[in-house]
Student: 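For reference, the structure I am asking about is given below.
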Amino acid sequence: MDDERAFAFVRVFAGDEMSKRKKFVLLTWVGPSVSTLKRARVSIDKALVKQVVQNFAVELQIESPDELTDDFLRAAVDKVGGANYGTGTRI
C-alpha cells in the first residue's frame, strides 16, 4: 500500500451528548512510495472523484496509516463542524 493512491468516502459520527450528527469525510491516501508522476495525477483524479462525491464536511489527505484513526477523523470533523453544545462528553 506504500506505493498506492486511493480515495475514500467515510461516514463519521461527530458531536457530543447534546448534538449527535453524521458527517462525511473525503479521504485521499497517497502512500509514501508513490512516484512523482502518480502524485501529480492525484489532483486531476480528485477533481473527477469530487464530481461524483459532492457532499462532505471535510477533505483530508492522509500519508501515514497512523493518521487514519477514529479520533483523528472526529477531531477534523469537529473542527469544521461549528457549535458544540454539550459538556464535552463524546458520543
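These numbers come from the heavy atoms of this one structure, side chains and all, not from hydrogens, waters or symmetry mates.
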Student: Looking at every non-hydrogen atom in both residues, tell me the closest pair between Glu63 and Trp29 and how far apart they are.
Tutor: C-CZ3, 3.8 Å
Student: Distance from Asp45 atom CG to Lys50 atom NZ, nearest 0.5 Å?
Tutor: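 NZ of Lys50 is found 12.5 Å from CG of Asp45.
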Student: Check whether Phe56 and Val49 end up in the same hydrophobic cluster, where Ile, Leu, Val, Met, Phe, Trp and Tyr are linked by side-chain heavy atoms less than 4.5 Å apart.
Tutor: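 Yes; tracing contacts between hydrophobic side chains, which count when under 4.5 Å, links both residues.
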Student: Which residues satisfy the salt bridge (charged side-chain N to carboxylate O under 4.0 Å, His left out) test with Lys38, sequence neighbours excluded?
Tutor: none
Student: Report the residues that fulfil side-chain contact (heavy atoms from CB on, under 4.5 Å) with Ser64, sequence neighbours left out, ordered by chain and then residue number.
Tutor: Asp66, Glu67
Student: Can you tell me how far CG of Leu60 sits from CZ of Phe72, rounded to the nearest 0.5 angstrom?
Tutor: 5.5 Å
Student: Is it true that Asp78 and Arg74 have a side-chain N and a carboxylate O under 4.0 angstrom from each other?
Tutor: no
Student: Should Leu26 and Val58 be counted in the same cluster of Ile, Leu, Val, Met, Phe, Trp and Tyr side chains packed under 4.5 Å apart?
Tutor: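 They do not share one cluster, since no chain of ILVMFWY contacts under 4.5 Å joins Leu26 to Val58.
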Student: Please say yes or no: joined through hydrophobic side-chain contacts below 4.5 Å, possibly via intermediate residues, are Val80 and Val25 part of one cluster?
Tutor: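 Per the 4.5 Å side-chain linkage, Val80 and Val25 are co-clustered.
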Student: With a sphere of 6.0 Å drawn around CG of Asn55, does it hold more than 12 non-hydrogen atoms of other residues, nucleotides or ligands?
Tutor: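 Counting other residues, nucleotides and ligands, CG of Asn55 stays at 12 neighbours or fewer.
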Student: So, taking the atom named NZ in Lys46 and the one named CD in Glu59, what distance separates them when rounded to the nearest 0.5 Å?
Tutor: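 Separation between the atoms: 4.0 Å.
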Student: Would you say Leu68 and Leu27 make side-chain contact, with heavy atoms under 4.5 Å?
Tutor: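 Yes - at least one pair of side-chain heavy atoms lies under 4.5 Å apart.
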Student: Kindly indicate whether the side chain of Phe7, heavy atoms from C-beta on, has any atom under 4.5 Å from the side chain of Val53.
Tutor: no
Student: Do you know the tightest heavy-atom contact between Val34 and Arg39?
Tutor: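 For Val34 versus Arg39, the nearest heavy atoms are O-NE, 3.5 Å.
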